[in-house]
Amino acid sequence: MKTTALLGALTVAGLSAGAAAAATLDDVKARGHLNCGVTTGLAGFAAPNANGVWEGFDVAVCRAVAAAIFGDPMAVEFTPTTGQTRFTALASGEVDMLARNTTWTFTRDVDLKFDFVGINYYDGQGFMVPKSLGVSSAKELDGATVCIQTGTTTELNLADFFRANNMAYEPVPIETNAEAQQQFLAGACDVYTTDASGLAATRATFENPQDYVILPEIISKEPLGPLVRHGDNEWGDLVRWVLNALIAAEELGITSANIDELAKGTSNPEINRILGVEGNLGEMLGLSKDWAINAIKANGNYGEIFAKYIGENTPIGLARGLNAQWKDGGLLYSPPFR
């Protein structure tokens, strides 16, 4: 009797959760485009180009999701969000997902009720100072004024770091990266602190980037990744596996240049499953069998996206480091497609 009742309750709960989860994908399809929350502007990661078209490392994730659903990477509308407004935009349904250098933390996952679908950039918090300050270590920053974005993990890490090293600082609160850049260049603060990737991106936009140095200390772990609302399990699966497809494609040698040829069939079962040659993975996501082909074609595989927007041959100049594939000593790793 207890078992039957429990099974019945679980079945009803499962059906309810399934119905709620399906709603986001249904809404996106009915609307005809994806609504994606991004930063207000960070070079290489998310910013409008000269023609007003959003592009960058984070933007590419949104475009891959749109391509997986519609076969069109341009079927996205972007909503710029700050550290303060991003979570409200997602929770309220204003955006379907966030892809804006957001750190996966316990409270954001559990208390704010969001699901991080994976990590697309392994980062850590750093410090940037003018060379003229004559500082070579973050431990020499006692008494410094520090530009810091409010509503971020950066704010909390900064307080912890200075407290642990018995140093004092004066915070200069700012809302956006553009404001931080303006204040920092104007000398309103001695130091700008944020994720090290963000510092590199910001410095790349300076008129004289060589006049500024990023200090060697990394004071935190900042696993950055896309997120969706709790309860949208099927939607979370879709965004998660689009990201995984980009990562797996690099590992398996699937590129924007050879994908059409590989889609005719290969001797590698994993490639065949990802590209819809074998199995029905697309159907399981509520998508067409070529969902991953479309996602990868949008901007290439993970490595192509990295190289194009933030890699060593771009003004941002980031090395792969922890964001290299696991086979190359990094942390990048996709679960199996099977």
Query raised in the report: Can you check whether Phe114's main-chain N or O pairs, donor with acceptor, with His230's side chain at less than 3.5 Å?
Result: yes

Query raised in the report: Would Asp232 and Arg229 pass as an ion pair if we require N to O under 4.0 Å?
Result: yes

Report task. State whether Phe306 and Arg320 meet the cation-pi test: NZ (Lys) or CZ (Arg) under 6.0 Å from the six-membered ring centroid, and within 45° of the perpendicular axis. Result -> yes

Query raised in the report: Salt bridge between Asp160 and Arg163, side-chain N to carboxylate O under 4.0 Å?
Result: no

Query raised in the report: Ala43 and Thr205: which non-hydrogen atoms are nearest, and at how many Å?
Result: CB-CG2, 3.6 Å

Query raised in the report: Which heavy atom in Asn301 sits nearest to a heavy atom in Ile254, and how many Å separate them?
Result: ND2-O, 2.8 Å

**Report entry** side-chain contact (heavy atoms from CB on, under 4.5 Å) between Thr150 and Glu175, intermediate numbers included
**Finding:** CA-CA 6 Å; Thr150 53; Glu175 284 286 328; 3.4 Å; yes

Query raised in the report: Would you say the side chains of Ser288 and Asp290 form a donor-acceptor pair under 3.5 Å?
Result: yes

Query raised in the report: Do you reckon Phe45 sits in the same ILVMFWY cluster as Phe206, going by side-chain contacts under 4.5 Å, direct or chained?
Result: no

Query raised in the report: Are any of the side-chain nitrogens in Arg63 or Asp72 under 4.0 Å away from the carboxylate oxygens of its partner?
Result: no

**Report entry** Full working for side-chain contact (heavy atoms from CB on, under 4.5 Å) between Leu318 and Ser197
**Finding:** CA-CA 7 Å; Leu318 293 172; Ser197 64; 3.9 Å; yes

Query raised in the report: For residues Asp96 and Thr24, is any side-chain donor paired with an opposing acceptor at under 3.5 Å?
Result: no

Report task. Please answer whether the main-chain N or O of Thr81 pairs with a side-chain N or O of Arg86 as donor and acceptor at a distance below 3.5 Å. Result -> no

Query raised in the report: Can any side-chain N or O of Gln125 pair as donor or acceptor with the backbone N or O of Ser220 at less than 3.5 Å?
Result: no

Report task. Under the ring pair (Phe, Tyr, Trp, His ring centres under 6.0 Å) rule, what do Phe161 and Tyr169 come out as? Steps first, then yes or no, please. Result -> CA-CA 11 Å; Phe161 177 77; Tyr169 69 98; 9.7 Å; no

**Report entry** Side-chain donor or acceptor of Asn157 paired with backbone N/O of Thr153 under 3.5 Å
**Finding:** yes

Query raised in the report: Can you get from Tyr121 to Ile218 by hopping between Ile, Leu, Val, Met, Phe, Trp and Tyr side chains that sit under 4.5 Å apart?
Result: no

Query raised in the report: Charged N to carboxylate O below 4.0 Å: is that the case for Asp260 and Lys297?
Result: yes

Query raised in the report: Between the side chains of Thr82 and Thr85, does any donor sit under 3.5 Å from an acceptor?
Result: yes

Query raised in the report: Got a donor-acceptor contact below 3.5 angstrom from the Asn49 side chain to the Asn51 backbone?
Result: yes

Report summary line: What one should report as the nearest heavy-atom pair of Lys327 and Glu251 is NZ-O, 3.4 Å

Query raised in the report: Any donor and acceptor pair, going by atom type alone, linking the side chain of Thr266 with main-chain N or O of Leu262 inside 3.5 Å?
Result: no

Query raised in the report: Would Phe184 and Met128 satisfy side-chain contact (heavy atoms from CB on, under 4.5 Å), going step by step from the backbone distance to the final call?
Result: CA-CA 10 Å; Phe184 180 61; Met128 178 164 62; 4.0 Å; yes

**Report entry** ILVMFWY cluster, Val38 and Met74 together (side-chain gap under 4.5 Å)
**Finding:** no

**Report entry** Donor-acceptor contact present, side-chain Asn258 to main-chain Gly253, <3.5 Å
**Finding:** yes

Query raised in the report: Would Ile148 and Leu156 show up in the same hydrophobic cluster when neighbours are defined by side-chain heavy atoms closer than 4.5 Å?
Result: no

Report summary line: For Phe116 and Asp109 the tightest heavy-atom approach is CE1-N, 4.4 Å

Query raised in the report: Could you state the interatomic distance from CG (Asn177) to OG1 (Thr194), rounded to the nearest 0.5 Å?
Result: 7.0 Å

Query raised in the report: Is the backbone of Leu42 close enough, under 3.5 Å, to the side chain of Thr39 for a donor and an acceptor to pair up by distance?
Result: no

Requested in this report: Specify the closest pair of heavy atoms between Asn120 and Asp58, including all atoms of both residues, with the distance to one decimal.
Outcome: ND2-OD1, 3.2 Å

Query raised in the report: Among the clusters formed by ILVMFWY side chains lying less than 4.5 Å apart, do Ile316 and Leu199 turn up in the same one?
Result: no

Query raised in the report: Between Ser92 and Glu94, do the side chains contain an N or O donor and an N or O acceptor separated by less than 3.5 Å?
Result: no

Report task. For Tyr192, check ring pair (Phe, Tyr, Trp, His ring centres under 6.0 Å) against everything at least two apart and list the hits. Result -> none

